[in-house]
Number of protein chains: 2
Amino acid sequence: MGIIMKDVWKKFEQTELTHSSIHHLLAINSLLKEHGYSRSVDIAHHLNISRSSVSVTVTKLRDKGFVREDKNRFLNLSKKGEELVNSVLSKRCIVEQFFREVLDLSSQEAEIEACKVEHLLSEPTGKKLITFMGYFLSGQPDVVKFRKGLEAFNYVCTSTKECDACELDCFFKHNGR
Amino acid sequence: MGIIMKDVWKKFEQTELTHSSIHHLLAINSLLKEHGYSRSVDIAHHLNISRSSVSVTVTKLRDKGFVREDKNRFLNLSKKGEELVNSVLSKRCIVEQFFREVLDLSSQEAEIEACKVEHLLSEPTGKKLITFMGYFLSGQPDVVKFRKGLEAFNYVCTSTKECDACELDCFFKHNGR
DNA sequence: ATATTTTGTTAAGCATATCTAACAAATGTT
DNA sequence: AACATTTGTTAGATATGCTTAACAAAATAT
(Lines give C-alpha, C1' and ligand atoms only; values in the text may rest on other atoms or scores of the structure.)
Protein backbone atom coordinates (compact mmCIF):
# COMPACT_ATOMS: atom_id res chain seq x y z
CA MET A 1 0.00 0.00 0.00
CA GLY A 2 2.95 2.32 -0.49
CA ILE A 3 2.89 5.62 -2.30
CA ILE A 4 2.26 5.65 -6.03
CA MET A 5 5.29 7.59 -7.10
CA LYS A 6 3.44 8.77 -10.20
CA ASP A 7 1.27 10.86 -7.87
CA VAL A 8 4.02 12.43 -5.81
CA TRP A 9 3.41 15.76 -7.50
CA LYS A 10 -0.18 15.73 -6.22
CA LYS A 11 0.97 15.77 -2.60
CA PHE A 12 1.26 19.50 -2.97
CA GLU A 13 -2.53 19.85 -2.95
CA GLN A 14 -3.19 17.07 -0.51
CA THR A 15 -2.65 19.05 2.63
CA GLU A 16 -5.15 18.77 5.45
CA LEU A 17 -5.74 22.50 5.29
CA THR A 18 -4.88 24.95 2.56
CA HIS A 19 -2.21 27.57 2.89
CA SER A 20 -4.97 30.13 3.21
CA SER A 21 -6.83 28.30 5.98
CA ILE A 22 -3.65 27.81 7.94
CA HIS A 23 -2.98 31.52 7.77
CA HIS A 24 -6.43 32.17 9.17
CA LEU A 25 -5.47 30.01 12.14
CA LEU A 26 -2.10 31.72 12.48
CA ALA A 27 -3.89 35.07 12.41
CA ILE A 28 -6.19 34.03 15.24
CA ASN A 29 -3.18 32.90 17.20
CA SER A 30 -1.33 36.17 16.64
CA LEU A 31 -4.34 38.26 17.51
CA LEU A 32 -5.01 36.32 20.68
CA LYS A 33 -1.43 36.85 21.77
CA GLU A 34 -1.36 40.47 20.77
CA HIS A 35 -4.78 41.72 21.81
CA GLY A 36 -6.23 38.90 23.86
CA TYR A 37 -9.12 38.35 21.49
CA SER A 38 -9.83 37.68 17.83
CA ARG A 39 -12.88 38.49 15.76
CA SER A 40 -13.56 38.03 12.04
CA VAL A 41 -12.83 41.66 11.24
CA ASP A 42 -9.52 41.44 12.98
CA ILE A 43 -8.53 38.48 10.87
CA ALA A 44 -9.64 40.32 7.74
CA HIS A 45 -7.41 43.25 8.63
CA HIS A 46 -4.54 41.02 9.64
CA LEU A 47 -4.60 39.09 6.36
CA ASN A 48 -5.66 42.06 4.26
CA ILE A 49 -8.67 40.32 2.72
CA SER A 50 -12.41 40.95 2.89
CA ARG A 51 -14.67 40.14 5.82
CA SER A 52 -16.84 37.94 3.68
CA SER A 53 -13.94 35.79 2.71
CA VAL A 54 -12.94 35.40 6.32
CA SER A 55 -16.50 34.58 7.26
CA VAL A 56 -16.64 31.68 4.81
CA THR A 57 -13.25 30.30 5.74
CA VAL A 58 -13.81 30.59 9.47
CA THR A 59 -17.13 28.76 9.14
CA LYS A 60 -15.29 25.88 7.51
CA LEU A 61 -12.58 25.93 10.15
CA ARG A 62 -15.28 25.85 12.82
CA ASP A 63 -17.00 22.91 11.13
CA LYS A 64 -13.71 21.07 10.89
CA GLY A 65 -13.07 21.63 14.57
CA PHE A 66 -10.04 23.90 14.40
CA VAL A 67 -11.80 26.98 15.71
CA ARG A 68 -14.39 27.61 18.41
CA GLU A 69 -16.70 30.53 18.88
CA ASP A 70 -17.53 32.44 22.01
CA LYS A 71 -21.05 33.41 23.07
CA ASN A 72 -19.95 36.84 21.82
CA ARG A 73 -18.58 35.44 18.56
CA PHE A 74 -15.01 35.84 19.66
CA LEU A 75 -12.81 33.20 18.10
CA ASN A 76 -10.52 30.74 19.81
CA LEU A 77 -8.40 27.86 18.67
CA SER A 78 -9.44 24.37 19.66
CA LYS A 79 -6.79 21.95 20.86
CA LYS A 80 -6.59 20.62 17.32
CA GLY A 81 -6.18 24.15 15.99
CA GLU A 82 -3.54 25.00 18.53
CA GLU A 83 -1.55 21.90 17.70
CA LEU A 84 -1.59 22.74 14.03
CA VAL A 85 -0.56 26.35 14.61
CA ASN A 86 2.16 25.11 16.85
CA SER A 87 3.58 22.70 14.35
CA VAL A 88 3.53 25.30 11.60
CA LEU A 89 5.13 27.96 13.77
CA SER A 90 7.82 25.59 14.88
CA LYS A 91 8.63 24.78 11.29
CA ARG A 92 8.52 28.43 10.30
CA CYS A 93 10.88 29.28 13.08
CA ILE A 94 13.42 26.64 12.21
CA VAL A 95 13.23 27.11 8.45
CA GLU A 96 13.60 30.84 8.80
CA GLN A 97 16.58 30.33 11.05
CA PHE A 98 18.11 27.96 8.52
CA PHE A 99 17.71 30.45 5.70
CA ARG A 100 19.18 33.24 7.77
CA GLU A 101 21.96 31.51 9.64
CA VAL A 102 23.05 28.82 7.21
CA LEU A 103 22.21 30.21 3.77
CA ASP A 104 22.79 33.81 4.80
CA LEU A 105 19.54 35.20 3.39
CA SER A 106 18.38 38.57 4.69
CA SER A 107 15.73 38.54 7.40
CA GLN A 108 13.10 39.61 4.92
CA GLU A 109 14.03 37.02 2.32
CA ALA A 110 14.15 34.35 5.01
CA GLU A 111 10.68 35.31 6.20
CA ILE A 112 9.21 35.17 2.71
CA GLU A 113 10.84 31.88 1.80
CA ALA A 114 9.88 30.30 5.10
CA CYS A 115 6.27 31.42 4.73
CA LYS A 116 5.95 29.70 1.38
CA VAL A 117 7.34 26.45 2.67
CA GLU A 118 6.55 26.11 6.34
CA HIS A 119 3.24 24.29 6.14
CA LEU A 120 4.36 21.91 3.40
CA LEU A 121 7.20 20.23 5.26
CA SER A 122 6.46 17.05 7.15
CA GLU A 123 6.97 16.67 10.88
CA PRO A 124 10.00 14.37 10.42
CA THR A 125 11.63 16.94 8.16
CA GLY A 126 10.98 19.65 10.72
CA LYS A 127 12.50 17.61 13.49
CA LYS A 128 15.55 16.67 11.47
CA LEU A 129 16.06 20.30 10.63
CA ILE A 130 15.85 21.18 14.29
CA THR A 131 18.55 18.68 15.11
CA PHE A 132 20.73 20.08 12.38
CA MET A 133 20.22 23.66 13.52
CA GLY A 134 20.81 22.68 17.12
CA TYR A 135 24.20 21.40 16.11
CA PHE A 136 24.94 24.22 13.70
CA LEU A 137 24.31 26.81 16.41
CA SER A 138 25.95 24.84 19.22
CA GLY A 139 29.23 26.71 19.14
CA GLN A 140 31.32 23.54 19.26
CA PRO A 141 34.86 24.00 17.91
CA ASP A 142 34.32 21.68 14.94
CA VAL A 143 31.22 23.61 14.01
CA VAL A 144 33.01 26.93 14.25
CA LYS A 145 35.65 25.69 11.84
CA PHE A 146 33.00 24.37 9.50
CA ARG A 147 31.22 27.69 9.45
CA LYS A 148 34.40 29.62 8.74
CA GLY A 149 35.13 27.26 5.89
CA LEU A 150 31.61 27.73 4.56
CA GLU A 151 31.98 31.49 4.55
CA ALA A 152 35.18 31.25 2.55
CA PHE A 153 33.89 28.60 0.18
CA ASN A 154 33.29 29.29 -3.48
CA TYR A 155 31.69 26.49 -5.39
CA VAL A 156 32.72 25.64 -8.91
CA CYS A 157 30.83 22.98 -10.76
CA THR A 158 32.89 19.95 -11.57
CA SER A 159 30.19 18.29 -13.60
CA THR A 160 29.31 15.41 -11.33
CA LYS A 161 26.83 12.84 -12.49
CA GLU A 162 24.75 13.06 -9.35
CA CYS A 163 22.36 15.67 -10.63
CA ASP A 164 20.05 15.16 -13.59
CA ALA A 165 19.49 18.85 -13.95
CA CYS A 166 23.16 19.30 -14.76
CA GLU A 167 22.63 17.54 -18.02
CA LEU A 168 20.69 20.55 -19.14
CA ASP A 169 22.05 23.87 -18.14
CA CYS A 170 22.45 23.65 -14.45
CA PHE A 171 22.76 26.32 -11.83
CA PHE A 172 26.03 24.73 -10.81
CA LYS A 173 27.65 26.05 -13.94
CA HIS A 174 26.67 29.63 -13.32
CA ASN A 175 27.07 29.79 -9.65
CA GLY A 176 29.03 32.75 -8.37
CA ARG A 177 28.93 33.39 -4.68
CA MET B 1 7.76 50.69 -2.66
CA GLY B 2 9.03 47.70 -0.74
CA ILE B 3 7.07 44.59 0.06
CA ILE B 4 4.02 45.04 2.22
CA MET B 5 4.89 42.57 4.94
CA LYS B 6 1.21 42.13 5.70
CA ASP B 7 0.92 40.37 2.35
CA VAL B 8 3.88 38.03 2.69
CA TRP B 9 1.54 35.09 3.13
CA LYS B 10 0.02 35.81 -0.31
CA LYS B 11 3.34 35.20 -2.05
CA PHE B 12 2.46 31.54 -1.95
CA GLU B 13 -0.19 32.04 -4.63
CA GLN B 14 1.70 34.65 -6.57
CA THR B 15 3.83 32.31 -8.61
CA GLU B 16 4.19 32.87 -12.33
CA LEU B 17 2.81 29.40 -12.99
CA THR B 18 0.91 27.10 -10.67
CA HIS B 19 2.37 23.92 -9.27
CA SER B 20 0.16 22.02 -11.68
CA SER B 21 1.26 23.95 -14.77
CA ILE B 22 4.89 23.52 -13.86
CA HIS B 23 4.40 19.79 -13.62
CA HIS B 24 2.90 19.78 -17.09
CA LEU B 25 6.12 21.39 -18.32
CA LEU B 26 8.25 18.95 -16.34
CA ALA B 27 6.26 16.11 -17.87
CA ILE B 28 6.93 17.36 -21.38
CA ASN B 29 10.61 17.59 -20.54
CA SER B 30 10.72 14.06 -19.13
CA LEU B 31 8.83 12.61 -22.06
CA LEU B 32 11.06 14.33 -24.59
CA LYS B 33 14.11 12.92 -22.89
CA GLU B 34 12.63 9.50 -22.44
CA HIS B 35 10.77 8.96 -25.72
CA GLY B 36 11.87 11.80 -27.93
CA TYR B 37 8.37 13.22 -28.23
CA SER B 38 5.48 14.38 -26.09
CA ARG B 39 1.78 14.47 -26.87
CA SER B 40 -1.18 15.42 -24.67
CA VAL B 41 -2.07 11.80 -23.93
CA ASP B 42 1.45 11.11 -22.81
CA ILE B 43 1.26 13.97 -20.36
CA ALA B 44 -2.09 12.71 -19.12
CA HIS B 45 -0.60 9.30 -18.42
CA HIS B 46 2.53 10.73 -16.90
CA LEU B 47 0.62 12.94 -14.48
CA ASN B 48 -2.22 10.50 -13.99
CA ILE B 49 -4.95 12.98 -14.88
CA SER B 50 -7.50 13.16 -17.71
CA ARG B 51 -6.76 14.15 -21.29
CA SER B 52 -9.28 16.98 -21.10
CA SER B 53 -7.54 18.48 -18.14
CA VAL B 54 -4.22 18.35 -19.94
CA SER B 55 -5.80 19.86 -23.03
CA VAL B 56 -6.97 22.90 -21.12
CA THR B 57 -3.71 23.44 -19.29
CA VAL B 58 -1.53 22.92 -22.36
CA THR B 59 -3.59 25.46 -24.29
CA LYS B 60 -2.86 28.00 -21.59
CA LEU B 61 0.81 27.13 -21.55
CA ARG B 62 0.92 27.54 -25.33
CA ASP B 63 -0.79 30.93 -25.10
CA LYS B 64 1.67 32.01 -22.45
CA GLY B 65 4.58 30.97 -24.62
CA PHE B 66 5.99 28.12 -22.58
CA VAL B 67 5.03 25.38 -25.02
CA ARG B 68 5.06 25.10 -28.80
CA GLU B 69 3.17 22.72 -31.02
CA ASP B 70 4.38 20.76 -34.00
CA LYS B 71 2.49 20.47 -37.29
CA ASN B 72 1.63 17.03 -35.96
CA ARG B 73 0.57 18.38 -32.58
CA PHE B 74 3.66 17.10 -30.86
CA LEU B 75 4.66 19.34 -27.99
CA ASN B 76 7.96 21.06 -27.34
CA LEU B 77 9.24 23.50 -24.78
CA SER B 78 10.01 27.02 -25.90
CA LYS B 79 13.18 28.65 -24.65
CA LYS B 80 11.11 30.24 -21.90
CA GLY B 81 9.67 26.86 -20.98
CA GLU B 82 13.05 25.21 -20.99
CA GLU B 83 14.50 27.87 -18.73
CA LEU B 84 11.71 27.40 -16.26
CA VAL B 85 12.01 23.62 -16.27
CA ASN B 86 15.69 24.01 -15.81
CA SER B 87 15.44 26.28 -12.84
CA VAL B 88 12.89 24.02 -11.17
CA LEU B 89 14.90 20.87 -11.81
CA SER B 90 18.04 22.47 -10.48
CA LYS B 91 16.23 23.42 -7.31
CA ARG B 92 14.64 19.99 -7.03
CA CYS B 93 18.01 18.37 -7.39
CA ILE B 94 19.69 20.47 -4.76
CA VAL B 95 16.83 20.40 -2.29
CA GLU B 96 16.49 16.66 -2.60
CA GLN B 97 20.19 16.28 -2.04
CA PHE B 98 19.96 18.48 1.02
CA PHE B 99 17.16 16.42 2.51
CA ARG B 100 18.99 13.17 1.83
CA GLU B 101 22.57 14.06 2.64
CA VAL B 102 22.18 16.65 5.36
CA LEU B 103 18.89 15.83 7.04
CA ASP B 104 19.21 12.11 6.42
CA LEU B 105 15.71 11.61 4.99
CA SER B 106 15.09 8.49 2.93
CA SER B 107 15.22 8.84 -0.85
CA GLN B 108 11.47 8.62 -1.05
CA GLU B 109 10.85 11.18 1.69
CA ALA B 110 13.41 13.48 0.13
CA GLU B 111 11.71 13.23 -3.24
CA ILE B 112 8.29 14.01 -1.81
CA GLU B 113 9.48 16.91 0.29
CA ALA B 114 11.50 18.37 -2.58
CA CYS B 115 8.57 18.12 -4.96
CA LYS B 116 6.37 20.17 -2.66
CA VAL B 117 8.93 22.90 -2.28
CA GLU B 118 11.07 23.06 -5.42
CA HIS B 119 9.09 25.58 -7.42
CA LEU B 120 8.46 27.89 -4.48
CA LEU B 121 12.03 28.72 -3.62
CA SER B 122 13.60 31.80 -5.18
CA GLU B 123 16.65 31.68 -7.39
CA PRO B 124 18.90 33.28 -4.74
CA THR B 125 17.83 30.65 -2.24
CA GLY B 126 18.59 27.90 -4.74
CA LYS B 127 22.02 29.29 -5.43
CA LYS B 128 22.87 29.71 -1.78
CA LEU B 129 21.80 26.16 -1.15
CA ILE B 130 24.05 24.99 -3.96
CA THR B 131 27.00 26.74 -2.40
CA PHE B 132 26.22 25.16 0.94
CA MET B 133 25.88 21.69 -0.55
CA GLY B 134 29.05 22.16 -2.57
CA TYR B 135 30.90 22.75 0.65
CA PHE B 136 29.06 20.08 2.60
CA LEU B 137 29.97 17.44 0.01
CA SER B 138 33.49 18.72 -0.62
CA GLY B 139 35.22 16.17 1.56
CA GLN B 140 37.40 18.78 3.26
CA PRO B 141 38.72 17.66 6.66
CA ASP B 142 36.81 20.30 8.59
CA VAL B 143 33.63 19.22 6.88
CA VAL B 144 34.25 15.57 7.65
CA LYS B 145 34.60 16.40 11.34
CA PHE B 146 31.47 18.50 11.23
CA ARG B 147 29.48 15.70 9.69
CA LYS B 148 30.70 13.17 12.24
CA GLY B 149 29.72 15.57 14.98
CA LEU B 150 26.31 16.05 13.40
CA GLU B 151 25.68 12.33 13.31
CA ALA B 152 26.49 12.01 17.00
CA PHE B 153 24.55 15.10 18.01
CA ASN B 154 21.42 14.93 20.08
CA TYR B 155 19.62 18.17 20.56
CA VAL B 156 18.02 19.12 23.85
CA CYS B 157 16.00 22.28 24.07
CA THR B 158 17.49 24.88 26.39
CA SER B 159 14.62 27.25 26.04
CA THR B 160 16.21 30.08 24.13
CA LYS B 161 14.26 33.20 23.42
CA GLU B 162 15.04 33.17 19.73
CA CYS B 163 11.99 31.25 18.68
CA ASP B 164 8.46 32.51 19.17
CA ALA B 165 7.08 29.05 18.75
CA CYS B 166 8.86 27.96 21.89
CA GLU B 167 6.57 30.10 23.91
CA LEU B 168 3.85 27.68 23.08
CA ASP B 169 4.76 24.05 23.02
CA CYS B 170 7.68 23.84 20.70
CA PHE B 171 9.14 20.93 18.83
CA PHE B 172 12.42 21.69 20.56
CA LYS B 173 11.05 20.31 23.77
CA HIS B 174 10.01 16.99 22.35
CA ASN B 175 12.85 16.41 20.00
CA GLY B 176 14.40 13.03 20.18
CA ARG B 177 16.77 12.03 17.44
C1' DA C 1 -34.88 55.28 22.37
C1' DT C 2 -33.50 56.50 18.04
C1' DA C 3 -29.95 56.90 14.75
C1' DT C 4 -25.33 55.65 13.14
C1' DT C 5 -21.54 52.72 12.69
C1' DT C 6 -19.44 48.33 12.96
C1' DT C 7 -19.59 43.53 12.31
C1' DG C 8 -20.94 39.19 10.28
C1' DT C 9 -23.43 36.64 6.65
C1' DT C 10 -25.19 35.58 2.28
C1' DA C 11 -25.44 35.86 -2.75
C1' DA C 12 -23.39 36.38 -7.19
C1' DG C 13 -19.29 36.71 -9.91
C1' DC C 14 -14.38 35.52 -11.27
C1' DA C 15 -10.35 32.52 -11.58
C1' DT C 16 -7.95 28.03 -10.86
C1' DA C 17 -7.90 22.98 -11.61
C1' DT C 18 -9.95 18.78 -11.63
C1' DC C 19 -13.51 15.38 -13.41
C1' DT C 20 -16.89 12.86 -16.87
C1' DA C 21 -19.35 12.67 -21.15
C1' DA C 22 -19.98 13.76 -25.84
C1' DC C 23 -18.03 14.68 -30.09
C1' DA C 24 -14.59 15.65 -33.91
C1' DA C 25 -10.50 14.62 -36.11
C1' DA C 26 -6.78 11.86 -37.01
C1' DT C 27 -4.68 7.07 -37.19
C1' DG C 28 -4.76 2.26 -37.87
C1' DT C 29 -6.87 -2.15 -39.34
C1' DT C 30 -9.05 -5.26 -42.26
C1' DA D 1 -12.80 2.11 -48.82
C1' DA D 2 -15.08 1.25 -44.61
C1' DC D 3 -14.84 0.42 -39.82
C1' DA D 4 -12.57 0.81 -35.33
C1' DT D 5 -9.49 2.91 -32.21
C1' DT D 6 -6.85 6.64 -30.46
C1' DT D 7 -6.29 11.40 -29.66
C1' DG D 8 -7.66 16.07 -28.78
C1' DT D 9 -11.29 19.45 -27.72
C1' DT D 10 -15.37 21.26 -25.74
C1' DA D 11 -19.21 21.55 -22.45
C1' DG D 12 -21.01 20.95 -17.93
C1' DA D 13 -20.11 19.66 -13.26
C1' DT D 14 -17.47 20.07 -8.67
C1' DA D 15 -14.42 22.26 -5.36
C1' DT D 16 -11.24 26.00 -3.59
C1' DG D 17 -10.68 30.91 -2.50
C1' DC D 18 -10.96 35.49 -3.61
C1' DT D 19 -13.92 39.68 -4.77
C1' DT D 20 -18.02 43.23 -4.29
C1' DA D 21 -22.77 44.29 -3.03
C1' DA D 22 -26.71 43.89 -0.22
C1' DC D 23 -28.57 42.95 4.08
C1' DA D 24 -29.17 41.67 9.05
C1' DA D 25 -27.65 41.88 13.57
C1' DA D 26 -25.10 43.93 17.14
C1' DA D 27 -22.65 47.65 19.36
C1' DT D 28 -22.02 52.63 19.93
C1' DA D 29 -23.38 57.46 20.02
C1' DT D 30 -26.39 61.21 20.56
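Letters A, B, ... mirror the listed sequences (proteins, then strands); counts begin at 1.
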Problem set entry | Distance-only donor-acceptor test, A:R51 side-chain atoms vs C:dG8 base atoms, 3.5 Å | yes
Exercise. What do the steps show when you test B:D42 against B:R39 for salt bridge (Lys or Arg N to Asp or Glu O under 4.0 Å), and what is the final call?
Worked result: CA-CA 5 Å; B:D42 305 317; B:R39 297 164 307 163; 3.0 Å; yes
Seminar exercise, completed: Whole-Å distance, B:L75 CG to D:dT9 C1', equals 14 Å
Problem set entry | d(CD1, A:I49; P, D:dG17) in whole Å | 10 Å
Seminar exercise, completed: Assign each of A:V56 and B:R62 the nucleotide of DNA chain D bearing its closest heavy atom; nearer the 5' end lies the nucleotide of B:R62
Problem set entry | Distance below 4.0 Å between B:S53 side-chain N/O and C:dC19 OP1 or OP2 | yes
Exercise. Can you check the A:H45 NE2 to C:dT6 P distance for me, whole Å?
Worked result: 10 Å
Exercise. Between C:dT18, C:dT7, D:dG8, which nucleotide gets closest to the side-chain atoms of B:R39?
Worked result: D:dG8
For this session: Please work out whether the ring planes of B:F132 and A:F146 are parallel, tilted or perpendicular, with thresholds of 30° and 60°.
Result: perpendicular
Exercise. Rounded to the Å, how far apart are A:N72 CG and C:dG8 C1'?
Worked result: 14 Å
Exercise. Can you tell if the side chain of B:Q14 reaches within under 4.5 Å of the side chain of B:D7, non-hydrogen atoms only?
Worked result: no
For this session: Show the numbers, then the answer: is there a ring pair (Phe, Tyr, Trp, His ring centres under 6.0 Å) between A:F66 and A:H24?
Result: CA-CA 10 Å; A:F66 289 94; A:H24 281 67; over 10 Å; no
Seminar exercise, completed: Considering only heavy side-chain atoms of B:T18, the closest of C:dT9, D:dG8, C:dT16 is C:dT16
For this session: Determine whether A:L84 and A:L77 make a side-chain contact, defined as any pair of heavy atoms from C-beta on separated by less than 4.5 Å.
Result: no
For this session: Have a look at B:S21 and say if it touches a base, only the backbone sugar-phosphate, or nothing, with a 4.0 Å heavy-atom cut-off.
Result: sugar-phosphate
Exercise. With respect to the phosphate group of D:dA21, does any side-chain polar atom (N or O) of A:S50 fall under 4.0 Å of OP1 or OP2?
Worked result: no
Exercise. What integer distance in Å separates A:H23:NE2 from D:dT16:C1'?
Worked result: 16 Å
Seminar exercise, completed: Rounded to whole Å, CZ of B:F12 lies from C1' of D:dC18 at a distance of 15 Å
For this session: Report the distance from atom CD of A:E13 to atom P of C:dT18, rounded to the nearest whole Å.
Result: 7 Å
Problem set entry | D:dT20 phosphate, OP1 or OP2, under 4.0 Å from A:S52 side-chain N/O | no
Problem set entry | Distance, rounded to the nearest Å, where B:K60 contributes NZ and C:dT18 contributes P | 8 Å
For this session: Give a yes/no on whether any side-chain N or O of B:S55 is located under 4.0 angstrom from OP1 or OP2 of D:dT7.
Result: no
